[in-house]
Amino acid sequence: MAMERELLRHLVKKPATIIYPFESPEPIEGTRAKVEIDILKCIGCGTCIHDCPAYALEMVGKGLTCDMKWYPGRCVFCGQCVESCPRNAIKQTAEHDLATTESVESAGMMSERFVEFNRPKKE
Amino acid sequence: MDIIKWARIKSPWVFHFNAGGCNGCDIEVLASLIPRYDIERFGMILRGSPRHADVMLLTGTVTRQIKDRLIRIYEQMAEPKFVMAIGSCAMSGGVFQNCYSVYEGADKVIPVDVYVPGCPPRPQAIIDGAVKLLQKLAAGK
Amino acid sequence: MSNSTYKVPIGPQHPALKEPENFLLTVDGEEIIDVKIRLGYVHRGGEKAFENRTYVQGLYLIERVCGICAMAHQLCYVNNLEPMMDVEAPPRAQYIRTIVAELERVHSHLLWLGVAAHEIGFDTLFMYCWRDREVSLDLMEMITGNRVLHAANTIGGVRRDLTADMISKTRKGIALLKKRTEYYKKLVLAEKTILKRALGVGILSTKDAAELCAVGPTARASNVKKDVRKDDPYSAYDEIPFNLITYDLCDVASRVLVRVDELIESANIIEYSLDHLPTGPIGVRAPRSIPPGENVSIVEAPRGEDIHYCKSNGTDKPERYKVRAPTLGNWASMAKMLIGGYVADVPITLAAIDPCMSCTDRVAFIDANSGKNWIWSTEQIKKYSKKNGGR
Amino acid sequence: MIIEILKLLIIPGIFFLFTLALFYQWLDRRFLARLQNRRGPMHTGSHGTLQPLADFIKLLAKEDIEPEAVDKPVFRGVPILLSTISITALFFIPIWGVKAFVHFEGDLIFMTFLMTLIAILAFLGGWSSTNRFSTIGGLRAAMQTLGYEVPLSLAFIGPAIVAKSLSISKIVEWQASTGIWAIILNPLGFGIAIIALLAELEKVPFDLPEAETELVAGWQTEFSGRKLALLRFAFDLELVLAAGLITSLFLGGPAGPFYNIPWVGVIWFFIKTTIVVLILSNLRGLFARFRIDQMVSGCWKYLVPLAIIQIIFLQLVLG
Amino acid sequence: MLSDISKEQEIVNNLKDKFGDKIIEAKVQSARRVFVTIDSKSLIKVTKFLAKEKNYTHVATISGLDLVKNLAVIYHLREYHSKEQFITLSLKVEVAKDKPKLPTIITIIPGAELYEREVHDLFGIVFEGHPDLSPLILPEHWPSGVYPLRKEYKLEDIKTKIEKVKK
Ligand code: SF4
Ligand code: SF4
Ligand code: SF4
Ligand code: SF4
Ligand code: SF4
Ligand code: SF4
Ligand code: SF4
Ligand code: SF4
């Protein structure tokens, strides 16, 4: 009977459903999602790359002139890079919707796709 | 045939296959069924038999041991069929990249239609992946 | 073998198993007379990977041994490394670790309750349990930054501090969960259909449990008083009073009850830790490499004891890292529980020890009697069924 | 003649039944979702009303795989027969007025026969698939019949005794003319019929033949595409059939104020069946699945004696 | 650690008294952690003594170890029944890499069966007397003689080796 009462109670209650994507749940502070690198702060020390457990970061070039690549398909969103960076150049935003349908002929495309952070080049 | 296309978009039944993941993705796939997220809103029902399903929710690293199973299950699904690779394991191997017993990415084994990054992707992200798949269907194919 | 016995393969892909494993049941009508198991589908070669990762990278690799007791594994990992590095996490960090570990137990047990309900076809209860589980996931996301794989620890402490706001939110969430848990307990005891499916099913006597080295709630439901948190306290458990829950029915019902009671117990632990949260730093700096040495650490994961062994060689990568996760300790007991039961009871019996294979798979075990390693393909099954008259 | 054909096609007819079947599937899913604090299908048509239609069309358009090992003629025949039988059975239910489209003395017996046939078809469907899960599912369907068949028939006899006729239409007529619904004299019979019909429909707590966690999708595992569409459709029709039967036998069918005006009768019928469907979904959310031995023995231990008590009671009251 | 380690010391002393120079090294690392290294020849005797007389009947797991020249096997034993003592005793034996043979302990502790097979799979240590040492977790088509956790195999080597066998 306890169950039946519970069932009927829910008839009058509003469903717990959040009609995502038409309505978003309350954001929780500090959730870890998309990685963003402020390339102007980066000094190219390589600590983040050294510590990343999923090989999701890559440096193009060296030191102060380097650019960075981030592979969303490899990243496990652990936040170690944020932790490691001595210059606080990396942060994680709350953007979760990173899914993609773009097809590329070559197999293993998702691990090859990356977001590139480029330093503005001096003329 | 517009009506068929409409029906397909409105009724994607899913089937969950764990190819060797860590559980993280699997519980999040299940979590997308629960009241908070409720993917039945889109007409998505979780089926136990691959023959009934349109979309395979593939989670986890594809291990060498399970590869043949995966291909067989994929073949059992009736056309038209789609595959959603969920989690970084299914996309690239995630932290298990370069382990001797895994394939680095499910798309080395079967064709994949949607990729959902995350480890594990939260239910919203999975829904987002599903919606993007449906949009892709609506746009063509 | 008479004609009336036939074999039912469960897995590697089966709805009752969240993960690919293969069971082969020999059944007579609806009754099970033999069980064979083949694991190995989730073997990813993680232990070798440890030798190629730094200790920092290992933090995240160890979490991904399993997505449900991630915190337990990580805790075991840092507990293992910290004495070797001769650092000690400050008290506040120890308390936060305890809180997260217990939140994980709450989420894991609620998840389990829901899955168990689902296995007996009680989807409504599944929905309710998982809805309430979201509360604990939200709390964990708030405290650690992620719902499932938390990355809460660093070597030498924890990553994020608890703010006053978080503490009050956690209190609220825990109070709600406690209320719900009490309701579930009432429900489990009152609902005839649940009891009918759980009482007297999957018996594992106290003697068998001890002999087959069962661990965790499975052992405690068979009245074996064993809990690493009490016996070998780590983190802040030696300062926190809590009860060790045992039941003596030795069946699925008592496994349910042990978990439900542990839920309440965990909630109490969290409340106590919040009340007694020490002040101070949340971490100390740890070196990147470890002098040569070895250590063993044990942690009570939601499903039982988790044991890690580490050998270091002076560099920043381990020489050897070995993991034995909880479910493996319960495999031997499982076969014992299944034999003599009904096919319809397989899912709930399996669910009752909460088997998650991803961690177990280092050690796959096949058949205790013949030890022959074989998997049945669909074709073989079909052939077999023809040979046996297809009945 | 033309009116007859129109009737066959439209009002109690196939089109009407088709819509009703899909509507009740939607209602069932939405209601259950609400009980579970969810929303259920909502993005297909207004409030998801077109969801069952979309499912149906999609399945029709999907590839139809016939596994190598199946017994082809049976495997193909089962879905077709199943939906035909369900439709046929529905013509015995009075919807438009108190007389059904087809009626004769003893059609209640024929109805029970049809319902048994449905269970047998489920068994055949599972057996012809030659898949382990399907076979066990089929066997369970057959075993389950042993359990609920007798109490179901006994429960149906109650109204028949009251109305002194074995024709569904006559029973409805009697209830309409006297204004007494059979449920008043048959409260136990009503309950038993609901439970037994839940078993007939293979719904929780009696969804053993397709218990997902044990048997993948039970006897339906190997069916795909068109065949699955027909199977599901047949089950939707059966839901209408079950609700219609209960309405006719216990709740007076289309009877109600002004039921003589044709449309009003249909509306009464509709309201009553909806209530029955809601009761069925509610029960679906309330229980855990039984085990097959518990189910069969439970039926014999509790339902049969209760049904007999009900009949004895009727005899005493009327006799 | 200031905790009381007399129990741990006691078991170490017991072992030392009983087996003398067969015990190569024995130390109490911290509370409830005891590490003992013994001569491989006396493995059976020591385990029997521990299991029969000291009640160490629970084997938590068996770890393999590659020491480059030698291989080592560590038995993590524990007393199961008593509540006060929760000592994990890690019993280490070393064997030569070119002749990796050890007697099985499953006659004394049956629960060790699977763990021994695992070590055999990953390190190639042969447990004499074990009823069945067929591959346990490695995938099908695994090249024979490749033991992935030995140091001489680098990750990449293993991969190429597997690929070769497949073709
Ligand atoms: S850890 Fe730091 S110092 Fe060492 S190699 Fe990496 S970036 Fe250089
Ligand atoms: S979040 Fe983790 S996995 Fe992702 S880039 Fe940073 S360190 Fe690498
Ligand atoms: S750690 Fe920071 S500064 Fe160093 S390379 Fe990475 S982003 Fe740049
Ligand atoms: S201030 Fe920071 S970035 Fe600069 S040298 Fe020191 S540690 Fe490196
Ligand atoms: S992507 Fe992450 S959560 Fe998902 S299976 Fe892999 S390791 Fe686990
Ligand atoms: S049985 Fe099916 S619905 Fe249930 S948890 Fe498993 S896969 Fe999901
Ligand atoms: S079985 Fe699991 S824990 Fe073991 S190596 Fe593989 S992934 Fe890692
Ligand atoms: S028992 Fe293993 S697989 Fe299961 S939750 Fe725990 S660590 Fe994960």
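So you know, we letter chains A, B, ... as the sequences are listed, proteins then strands, and number each from 1.
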Quiz item: Picking from C:Met166, C:His150, C:Arg147, which has the most non-hydrogen pairs under 4.5 angstrom with chain A?
Solution: C:His150
Exercise. Just do the side chain to side chain contact (heavy atoms under 4.5 Å, CB included) check on C:Ser312 and C:Tyr55 with the steps written out, would you?
Key: CA-CA 10 Å; C:Ser312 58; C:Tyr55 289 111; 3.2 Å; yes
Quiz item: Between C:Tyr60 and C:Arg53, is any pair of side-chain heavy atoms under 4.5 Å apart?
Solution: no
Quiz item: Which of these passes side chain to side chain contact (heavy atoms under 4.5 Å, CB included) with A:Ile37: A:Met68, A:Lys91, A:Lys69?
Solution: A:Met68
Practice problem: Measure distances from C:Asp316 to the heavy atoms of chain A and classify the residue's part below 4.5 Å as side chain, backbone, both or neither. | Solution: side chain
Exercise. Measure C:Arg160 against the heavy atoms of chain A and call it side chain, backbone, both or neither at under 4.5 Å.
Key: side chain
Quiz item: Is it the side chain or the backbone of A:Gln92 that comes within 4.5 Å of chain C heavy atoms, both, or neither?
Solution: neither
Practice problem: Please determine which of A:Ile90, A:Ile49, A:Thr47 meets the side chain to side chain contact (heavy atoms under 4.5 Å, CB included) test together with A:Ser84. | Solution: A:Thr47
